[in-house]
Each structure stands twice: as C-alpha cells, then as structure tokens.
Amino acid sequence: MKLISWNTAHRTNFAERQAVALVQREPDVIALQELTSHSIERMSQRLAAHGFEHSVIAPPAYSSSSRARALRVGILSRLPLARASGSFEL
C-alpha cells in the first residue's frame, strides 16, 4: 500500500494541478493538509474520478467567525475507510 501526505498550502487555484500530480504518483491513500472549503471540493472531484471514492475530512480547526482561514485535513482512499473508536480535538 502506498500513502502520500501532501500539504496543499491552502492554494485553491492549484487544486486541480495538485490532484493530477498526486494521481501520477499512483498512491492508494492520500493525506491532505491545509484544505479550504473550495479546494476540498475541487480535489475530491478530481481524485474521485481516479478511484479515490472514499474520504474522511476533518471539520475546520477554526470557527467560521474566526479571522483565520478555516483549514482542514483529509484522507482520501481507493479502499473503504472506517473511523477508529475515540476522537481528538485540535
């Protein structure tokens, strides 16, 4: 199994190019950091078209009223994902 961890640097405009770069590396699981609500949508659509149909996206670390951008982390996989028992908060 091949895992790639990728920091998107919250760049929405590059989401499609980043998705192409990830798919070219032929991973089974992709862990993404610094996702915005827009980049999640773009990356998820592109990656789903390449077999990454399973995903878990964490809620934003900041509230929508925060001045900081609400960034998220996510895991996308070709294989089904299951949440482990227990949780943690940032």
Side-chain angles (χ1 to χ4, degrees):
M1 180 176 294
K2 187 174 180 181
L3 166 78
I4 291 182
S5 180
W6 188 280
N7 187 318
T8 66
H10 56 82
R11 293 190 173 130
T12 303
N13 295 335
F14 296 124
E16 292 179 21
R17 289 188 356 206
Q18 290 180 355
V20 168
L22 288 163
V23 168
Q24 289 175 343
R25 287 160 175 81
E26 301 179 353
D28 299 301
V29 179
I30 300 172
L32 300 171
Q33 301 84 43
E34 294 192 20
L35 291 165
T36 65
S37 58
H38 290 62
S39 63
I40 289 169
E41 185 176 324
R42 289 182 180 179
M43 292 284 271
S44 294
Q45 288 174 353
R46 287 281 190 216
L47 293 172
H50 292 280
F52 293 89
E53 299 173 1
H54 309 280
S55 64
V56 176
I57 308 295
Y62 304 101
S63 70
S64 59
S65 63
S66 172
R67 294 182 72 196
R69 210 166 185 181
L71 300 176
R72 300 176 182 202
V73 296
I75 298 173
L76 295 96
S77 175
R78 295 180 188 276
L79 308 168
L81 297 169
R83 292 183 189 260
S85 61
S87 65
F88 65 93
E89 293 184 26
L90 298 174

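Just so it is clear, the values below take in all heavy atoms, side chains as well, and ignore hydrogens, waters and symmetry mates.
Residues passing the side-chain hydrogen bond (donor to acceptor under 3.5 Å, both in side chains) test with T8: none are found, sequence neighbours excluded. Scanning for side-chain contact (heavy atoms from CB on, under 4.5 Å) contacts around V56 gives L81, R83, with sequence neighbours left out. Here S44 pairs with I40, L76 under the side-chain contact (heavy atoms from CB on, under 4.5 Å) rule; sequence neighbours left out. In terms of the side-chain contact (heavy atoms from CB on, under 4.5 Å) criterion, residue partners of L79 (sequence neighbours excluded) are, by chain and number, M1, S77. Scanning for side-chain contact (heavy atoms from CB on, under 4.5 Å) contacts around S37 gives an empty result, with sequence neighbours left out. In this structure Q45 satisfies the side-chain hydrogen bond (donor to acceptor under 3.5 Å, both in side chains) test with no other residue, sequence neighbours excluded. For E16, the salt bridge (charged side-chain N to carboxylate O under 4.0 Å, His left out) criterion is met by R46, not counting sequence neighbours.
Summarising the geometry of A21 relative to W6, their closest heavy-atom pair is CB-CH2, 4.0 Å, with the distance given to 0.1 Å. For the residue pair L35 and G74, the shortest heavy atom distance occurs at CD1-N, 3.9 Å.
In this structure, CG on L32 lies 12.5 Å from CG on L71, to the nearest 0.5 angstrom.
Identified under the salt bridge (Lys or Arg N to Asp or Glu O under 4.0 Å) test for residues 22-45, with sequence neighbours left out: none.
Contact of the I75 side chain with the V29 side chain is registered, since non-hydrogen atoms from C-beta on lie closer than 4.5 Å. Contact check for Q33 versus S5: side-chain heavy atoms found under the 4.5 Å cut-off. Within the 4.5 Å cutoff, the side chain of R78 has no heavy atoms near those of the H54 side chain. Within the 4.5 Å cutoff, the side chain of F14 has no heavy atoms near those of the S39 side chain. Side-chain contact check for M43 versus L22: some heavy-atom pair is nearer than 4.5 Å.
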